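So the structure is just underneath, and the comments pick up after that.
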Amino acid sequence: MSKIELPKAYDASQIEDDIYRIWEESGFFNPDNLRGAKIPFTISMPPPNATGVLHTGHATMLAIQDLMTRYHRMKGDKTLWLPGTDHASIATQTKVEKIIAQEGLTRHQLGREKFLARVDEFVSDSRNTIKNQIRKMGSSCDWSRERFTLDAGLNSAVIVAFEKMYNDGLIYRGDRVVNWCPRCKSTLADDEVEYKEQQAKFYTFKYNKDFPFAISTTRPETKLGDSAVAVNPKDERYKKYIGQEFEVDFVGVPLKIKIIADHNVDMEFGTGALGVTPAHSQIDYQMAGANNLPIIKVINKDGRIEDGLRQYSGKTVEEARELVVSELKTRGLLEKEEDISNNLSICYRCGFAIEPLPSLQWFVAVDKPFKLKDKKKLNWEKDEATLKELAIHAVKNNLIKIVPARFEKIYFHWLENLHDWCISRQIWYGHQIPVWYKDEDIYVGQLAPKGNSWVQDEDTLDTWFSSALWTFSTLGWPENTDDLKTFHPTSVMETGYDILFFWVARMIIMSVYCLNDIPFETVYLHGLVRDEKGVKMSKSLDNSIDPLDMIKKYGTDALRLSMLIGVTPGNDFKLYDEKIAGYRNFINKIWNISRYILTSVEDIRLVEKLPQANTLADKWITDELFSTITVINNSLENYNFSAAGDALQEFTWNKFADWYLEIAKIEKDKDEILLYILQNLLKLWHPFCPFITENIWQNLKSEKLLIVSKWPDHKKSNLIFKFSKNDTVVNFQLIQNIITALRNLRGENKIEPAKLAQAIIISKNQKTLISSQSEIIKKLARLSQLEFLSKGDKPKNSASALVGEAEIYLDLTGIIDTVAEKERITREITEVEKYLKSLAGKLANDEFVNNAPEEIVKAEKEKLSVQKSKLEKLQNQLNNLK
RNA sequence: GCACGCUUAGCUCAGUUGGUUAGAGCAUCUCGUUUACACCGAGAGGGUCGGGGGUUCGAAUCCCUCAGCGUGCACCA
C-alpha cells in the first residue's frame, strides 16, 4: 500500500508561496525555456501603476491572463506573458507631492531635479510591492522581460515615436483651448474629462442697460472675457443686430461685444443669444477664430481670475461668480435666476472641476494623412492613411477582434468623433518632451544639438503616450529584436472595458503608425468588479474588497475561481466574501478527491494512457471526461472561461466525486482509472487554480512540473471501448435515476438511513442491464435485497416509482401509508396527463408535423409513447393499491 | 438627446446559431448509514424568463413597444 499522509483540509496559505517559488525557479515563465514550443502566444500585461497596490481589478485581469497563459503553455505554445509597471505620471507625482507636503515642501521649492529624485526613490521602493502582489495571484509571467514605462528602452521608444510623428507632421504644437485641471495643474485629453450632473443656477441678464437684449449663462464670471454675442442667423428677434458692435461696461469691466451669427446657436435655449467667451470654451474659441474676435483670458491656471479685472482679480471662480451676480443685481440687470441641472466637467483622476483654457500645447493629428511604409500587414490599399482611418480599418476588417463584439461599435463611434490628441502635460514626472528651443528655432530629438543655449520643453508626455507603445516597446522596438519578430503582434490584449479608449484604442493608433501592424489580434474586455450592492468598488466609498485579505482568508485559488466562473466578458460582476468562500469549499473538494485517491491506491504513479474501462461506470466516467474536455477546449478557444470552469466543476463534483468515487468503493480495483482521471483533472484545473493542482501533482511522481505538462486534447475517437456514446451514457444514467428514485422513496416514506430496505424492479426491456448493476444499486440505495422481474403487478405494501419503462417498488411492509401512496400516484398521474396533453396537442398540429425538422417530430412522438405507457403503469399501480 | 447593456428561483448568475417539462451555486426545508471531504453527503420545495404586442409549427432566445436600473457619448450659452 502506498502510504502518504495528507491533511483533511487544504490550507492554501501554507503552500502557495512555496509553489510560486518552484515555478519561478524552474524558468518556465520564460518562453525561451519551453523546449519544443513553436507557435507563439503572447499577452502584454496591462502595467499596473508602479506605486499602486493590488485591487480587485488587477486581480481579475491577472486571473484571466494567467488562465490563458497557462492553458497555452500546457498546449505547447511558445508562451510569453510580459509583465511591467506604469509610471502613471500624474497619479505618482501627486502622491509624492503629498509626501513632501508633510515636510512643508512643494515641488517648486525642491526644484525639478531634486523632486524627480524623490519620485524615483519612492517609485523604486513601492514598485516591489505591486510586483510581489502580482506574484501572490499566481501570475506566471516572465519576470526576466519585465519592463517599466520609464526605463531606458521604453524611453528611447517614446522619443523615436515622437520624432517620427513630428517629422511626418503628425505631432504639432498649437495654441488652443484645452482641458485644464487647476488641481493637477495640467492639461487633460478630452477623454480624461468626466461629467457629473449637478444643480446649477442659470442666470439671465444684460451686460448693461444699453445692451438691446439679455443673454443667459451658468457661469457669469467668465463673461468678463466676452467679445461677442452669437445668435442664430434665422432668429427674427436678433437678425437686425448681426454685425453691430457694442461697447459696454459689464459690472465694472469694459467689453467690446460684436453680434455674430452662428447656426449652432439654439434659438430655444435661454434667450437664444449666447455670450461668446473665446478663452474659456472650445466652441466659443472656434467662433472667435471664424469671426476674428479677440481672446480675453479670465481664468488663470490656478483657477483664479486673471489680473487686470478689477475687484475680481485673484478671486476663485466661485467667489467671482458671486461678486458678478451681486453686482448685476445692484445694477438691476439680472432678469432671471433659474435652477437647472447641468453637467460639470471634472478631472477623471482627482474629480476637480475642469477649466477650459487657451494654451500652447503639443497635439497628435488624427486626421492628417501620412505615408505607410508597409501596406501589406494591415491589408491597406492606398499609399496614405490617417491614424483614425487605420485604427478603424483594423477592427472593421477583423484584423483585430474585440470580445465581446458589441464593444466594436463603441470603439468605432469613439474614433469617428476623435479630435486631435493633446499629449503635453505640465507635470514633471514622465517622459520629458524631446523638443528643444533656442530663440525661434525648434529641434526635436533626445539630445539638444551642440551649443548651450538650447532649452528643453518643460512639459512631459501624457502617460498614455508611452503606454500606447507598450506591446512593441516592451519587445525592443525601435530595434528589430528577435523578441519583436517572434512575439508581435501579440495574441490577446486583456483589460477592463473602462480603458478601451484611454489605452486600447491608442495602442492600435500607435501600432498601426509605428509598425504599420496591429498590436494584438484579439481584445478581450472584462467587466468591472462591484460590491454586493452592485456599486463600483472604490477607495473613497470604502466598499472595496482587498484581494490580499481574501487570499489570506481563502487562498488565491479560491479568489481566482470567483473571478473566472460565473463571470462573462464585458459584463460587470459582483464579488463578496461568501462567493469566494464557496469556491474555497470547492478547492477543498478537489483536495479531498485527490486525498482519497492518493491514499487508497496501491501505487501512486502517472497514468498517461487511457486504461481499459471494465464496467459500465468506468465507461460512463471516461466518456464524461472526454466530453468535458471537448467542452472545455471549445470554451477556452472562444474565451468562454466561465463555461469551461462550469463544465469542469460539474464533472469534478457532481459526476466524478458524487457518483464515480462512491462506485469505486463498491467495484474496487480502479487504481489506474482513478489515477488517470485525477491526473487529467489536475491538468484541466491548473489554469484556473494553479496552486492546489501543482501541489497535488507533486505526489504523482512526475518528472515534469504540472505547469509544463501536456494539456489533455483527447478526441472521442481515442475511446477504446466499443459502445457508442449514447449507449454508455444513457445506460448509466438509467442506473443513476433508479438509485435516485429509490432514495427518494426512502425519504418520502421516512425509512431511516441506517435501515436496509428491499426492492423489486420490473423492466421488460432492460432487465439484463439493470440487474448487471445490482451491487451498485443495492449499496447506493441502501438495500438488503433487490429482485428483478420482466413483468408483474405492483407488489402489496410497496411504494412505487417509474424510471423510463422500469417500475421500481420499495417494500414498505409494516409502514405503508396507503392513503399517502394513493395521493402520490394520483398527483403524478395528473402531471403526466398534463404533459401528455401538451404533447398530443403539438403532434395533432399539422403545421408542426409538416414544418418542424423530422428528428424533432420523431422525438416528440417518442415522448408521447413513453408518457402513454407511463400513464398506463401509474393507473395500474393505483388500481393495485386498493 | 444618441447609443449600448441589464431585467431568468429569496440572492448571485448560466442559458452557444429559436426545438426535451428552463439550469447551476448559495440560501431554505427534511434527513445523516458510509473515515476523501460537515469547507461533507442524501432527498425536497422554489421560476406565467420585467410588462404588452408581433414573427414562427414552435420564443427566455428574433422584431416592435413600454417600464425600471446601469454605462458610454453628446449637449451643458
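Atom set for the values below is all heavy atoms of this structure, side chains included, hydrogens, waters and symmetry mates excluded. Fair warning: this is a prediction, and the values are worked out from it, not measured in the lab. Note on naming: letters A, B, ... go to the chains in the order of the sequence lines (proteins, then strands), and numbering restarts at 1 for each one.
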Reckon [X] touches a base, only the sugar-phosphate, or nothing at all at heavy-atom distances under 4.0 Å?
{"X": "A:Ile283", "result": "sugar-phosphate"}
{"X": "A:Asp266", "result": "base"}
{"X": "A:Val265", "result": "base"}

**Prompt:** Where do A:Lys858 and A:Glu854 land on the salt bridge (charged side-chain N to carboxylate O under 4.0 Å, His left out) test, with the steps shown first?
**Reply:** CA-CA 6 Å; A:Lys858 207 178 134 196; A:Glu854 214 176 305; over 6 Å; no
**Message:** If you assign A:Ala9 and A:Trp414 each to the RNA chain B nucleotide with the nearest heavy atom, which residue ends up on the more 5' nucleotide?
**Reply:**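 That would be A:Ala9.
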Considering only the [atom1] atoms, how many Å lie between [N] and [M], rounded to the nearest integer?
{"N": "B:G47", "M": "B:G32", "atom1": "P", "answer": "28 Å"}
{"N": "B:G23", "M": "B:G15", "atom1": "C1'", "answer": "7 Å"}
{"N": "B:C75", "M": "B:U61", "atom1": "P", "answer": "37 Å"}
{"N": "B:A14", "M": "B:U7", "atom1": "C1'", "answer": "15 Å"}
{"N": "B:U30", "M": "B:U34", "atom1": "P", "answer": "22 Å"}
{"N": "B:G52", "M": "B:G68", "atom1": "C1'", "answer": "15 Å"}
{"N": "B:G19", "M": "B:A60", "atom1": "C1'", "answer": "13 Å"}

**Request:** Using the ring of A:Tyr596 (Phe, Tyr or Trp, six-membered ring only), decide whether A:Lys665 places NZ or CZ under 6.0 Å from its centre and within 45 degrees of its axis.
**Result:** yes
[X] (side chain) and [N] (base): donor-acceptor pair under 3.5 Å:
{"X": "A:Asn343", "N": "B:C75", "answer": "yes"}
{"X": "A:Glu662", "N": "B:A36", "answer": "yes"}
{"X": "A:Lys665", "N": "B:A36", "answer": "yes"}

**Ranges pairing with ranges for RNA chain B, where each run has three or more Watson-Crick or G-U pairs under 3.5 Å** = B:1-7 with B:67-73, B:10-13 with B:23-26, B:28-32 with B:40-44, B:50-54 with B:62-66
**Request:** Treat primed atoms plus P, OP1 and OP2 as sugar-phosphate and everything else as base, then score nucleotides 58-64 of chain B 5' to 3': B for base contact with protein heavy atoms under 4.0 Å, S for sugar-phosphate contact only, - for none.
**Result:** -------
For nucleotides 1-10 of chain B, give me every protein contact, N/O to N/O, under 3.5 Å, one pair per line with atom names.
unit_1	atom_1	unit_2	atom_2	d
B:C4	OP1	A:Lys409	NZ	2.9

**Prompt:** Atom CG of A:Asp658 to atom C1' of B:A36: distance rounded to whole Å?
**Reply:**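 Answer to the nearest Å: 12 Å.
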